[in-house]
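For this chain, numbers begin at 1 and follow the sequence in order. For ligands, and for the atoms within them, numbers begin at 1 and follow the listed sequence. Keep in mind the model is a prediction, meaning the values are calculated, not measured.
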Amino acid sequence: MSTDTLIADPLHQKARHRAGASSFAAAEAISTAPIASTRKTVSLKRRLADYVQLTKPRIVTMILVTTVASASIAAGGMIPSIELAWLLLGTGMVAASAGAANQVWEREIDCGMARTAVRPLPDQRMHVANAILYTAMLGIAGTAILQWKFGIVPAATGLATWLLYVVVYTPMKTRTSFNTTVGAVAGALPVMMGYTAAGGSLTEWTGWLLFGILAAWQYPHFMAIAWLYRRQYAEAGFCMSTTVEPTGKSAGLQSIAGSIVIIACSIVLCAMPLGLTAGIIASAATVLASYPMLKASIRFAKMPEDALARKLLRSSLLVLPAVLLIVTIRCLV
Ligand code: HEM
Ligand SMILES: CC(C)=CCC/C(C)=C/CC/C(C)=C/COP(=O)(O)OP(=O)(O)O
């Protein structure tokens with residue numbers, strides 16, 4: 001934070017006012033201590049916020065929601081809270097490391113988009129060496145926790161997800177719009193981490209149907225974003241569906257396809273456990289829960305425009321937890 005910003009800060013103005021000194025020198029002498037301590041507090045808070053922002057905390061939070069759902073389904077019930085805490089810590093740290101590594105990689109190109117130029121690295125509020133060290137510490141500690149508490153399969157899946165997101169997806173973003181498919185696989189793999197950590201196996205259909213829900217969900221989710229930021233993406237040199245096909249028709253169709261696949265995977269998941277009536281009720285509930293996103297996708301495909309894309313993005317963020325909750329309850333009762 002610059003000195004100018006600090007002086008404009010109301011806390012500093014109050015501190016100066018409280019000093020109530022008649023001469024400038026006296027005021028400076030009296031108010032130096034509060035200013036210095038406020039400055040320290042503000043800059044510490046700012047630094048902490050930057051380290052949090054580097055991890056893409058909202059994406060990590062949603063990933064943890066998907067991990068809890070898949071782990072509960074694999075375990076066939078609630079996981080003991082200590083184990084759950086380790087799972088969330090390990091998965092969260094690896095996911096946070098992936099988000100930070102992506103921001104290290106893209107620190108220069110991120111300067112070219114208003115959305116990302118305010119991030120700690122492009123805005124030069126954080127030294128790149130610190131970001132790399134932080135990324136490595138999170139990744140190593142998270143992988144070690146997963147290996148120590150849950151074994152090789154969740155730990156190796158986490159590492160593979162990290163590599164796919166950072167080393168394959170990230171450089172693909174400037175080369176081909178197919179990057180979204182690779183990103184969708186990376187974004188869906190954490191469900192297999194939760195699933196295998198809680199006793200499931202990589203060969204079970206249930207896990208892969210959950211993976212299907214997650215992978216499909218990312219199309220409506222991201223096509224809305226790709227439309228909203230299409231000009232920024234194009235100017236910065238990113239290759240997205242909406243930059244290679246600027247009418248938005250393709251983005252709209254991909255959103256519809258993703259919404260339909262979510263419904264199909266959810267119905268199959270709800271139909272698999274025993275109990276016809278419960279299966280029908282749960283299937284109907286997932287169709288109902290997914291419907292707002294399908295409707296928003298159809299409206300967006302018919303007329304790609306910002307307001308409809310915003311509605312689609314909002315509905316995507318509500319539909320995913322709703323569908324996962326229904327599917328989880330169905331698989332547990
Ligand atoms: C192809 C895959 C994906 C891409 C390209 C993508 C891209 C993005 C972008 C660019 C944003 C920022 C939007 C903004 O700044 O307004 C965002 C927000 C978000 N994403 Fe994704 N995402 C993907 C997958 C995922 C996955 C797998 C999750 C979690 C399961 C997720 C959860 C979220 C959440 C919770 C937000 C925050 C929305 C908000 O701030 O209101 N995304 N995504
Ligand atoms: C456990 C583990 C390793 C999890 C990692 C999974 C993960 C972070 C998935 C994110 C999905 C994704 C493609 C986000 C968009 O990134 P972006 O680079 O397009 O977003 P940006 O433009 O905002 O940087």
Side-chain angles (χ1 to χ4, degrees), residues 53-70 87-88 90-107 109-110 112-119 121-122 135 138-139 142-143 145-146 154-174 177-194 197 210-211 213-230 232-233 236 238-242 254 258 309-310 313-321 323-324:
Q53 198 188 345
L54 195 71
T55 64
K56 306 193 177 178
R58 282 173 291 196
I59 296 186
V60 172
T61 307
M62 189 68 106
I63 282 181
L64 294 183
V65 169
T66 71
T67 310
V68 173
S70 60
L87 178 60
L88 295 184
T91 309
M93 285 172 105
V94 180
S97 166
N102 167 275
Q103 290 194 38
V104 168
W105 191 303
E106 293 188 324
R107 64 191 183 279
I109 198 165
D110 273 351
M113 288 206 292
R115 179 177 70 82
T116 50
V118 290
R119 288 177 171 176
L121 288 168
T135 302
L138 281 172
T143 308
I145 288 172
L146 291 173
T157 309
L159 187 61
T161 310
W162 193 100
L163 289 171
L164 187 65
Y165 178 59
V166 179
V167 184
V168 184
Y169 167 75
T170 303
M172 270 178 93
K173 284 172 69 181
T174 51
S177 63
F178 181 66
N179 72 68
T180 302
T181 302
V182 177
V185 174
L189 274 174
V191 297
M192 297 311 281
M193 295 166 69
L210 284 166
F211 172 91
I213 292 180
L214 245 297
W217 170 80
Q218 290 170 73
Y219 284 87
H221 167 71
F222 182 62
M223 289 307 144
I225 293 171
W227 176 263
L228 289 169
Y229 294 104
R230 62 197 181 282
Q232 290 189 29
Y233 275 131
F238 284 107
C239 217
M240 302 297 174
S241 273
T242 51
Q254 291 181 63
R310 247 178 251 116
L313 176 58
R314 223 175 300 131
S315 70
S316 80
L317 294 170
L318 296 173
V319 162
L320 181 64
V323 168
L324 288 177

Counting heavy atoms under 4.0 Å, the part of Met62 that contacts ligand 2 is neither

Residues Gln254 and Ser241: side-chain donor-acceptor under 3.5 angstrom:
yes

Between ligand 2 and Gln103, can you find any atom pair, the residue atom being a heavy atom, that is separated by under 4.0 Å?
no

contact_flag Arg119 ligand 2 heavy-atom lt 4.0 Å:
yes

Mark the output for Met193 as yes if a heavy-atom distance to ligand 2 is under 4.0 Å, and as no if none is.
yes

Check if Ala186 has a non-hydrogen atom at a distance under 4.0 Å from any atom of ligand 2.
yes

Protein heavy atom at shortest distance from atom 16 (O) of ligand 1
Tyr229 OH, 2.8 Å

Could you tell me whether ligand 1 has any atom less than 4.0 Å away from a heavy atom of Tyr219?
no

N/O of Asn102 under 3.5 Å from N/O of ligand 2, yes or no?
yes

Residue part near ligand 2, for Tyr169, under 4.0 Å between non-hydrogen atoms:
side chain

Angle class for the Tyr229/Tyr233 ring planes (parallel below 30°, perpendicular above 60°, tilted otherwise)?
perpendicular

Counting no waters, what protein N/O/S atoms lie under 2.8 Å from atom 21 (Fe) of ligand 1?
His221 NE2

Indicate, as side chain, backbone, both or neither, the part of Ile63 found under 4.0 angstrom from ligand 2 when only non-hydrogen atoms are considered.
side chain

When you look for heavy atoms under 4.0 Å from ligand 1, do you find them on the side chain of Thr61, its backbone, both, or neither?
neither

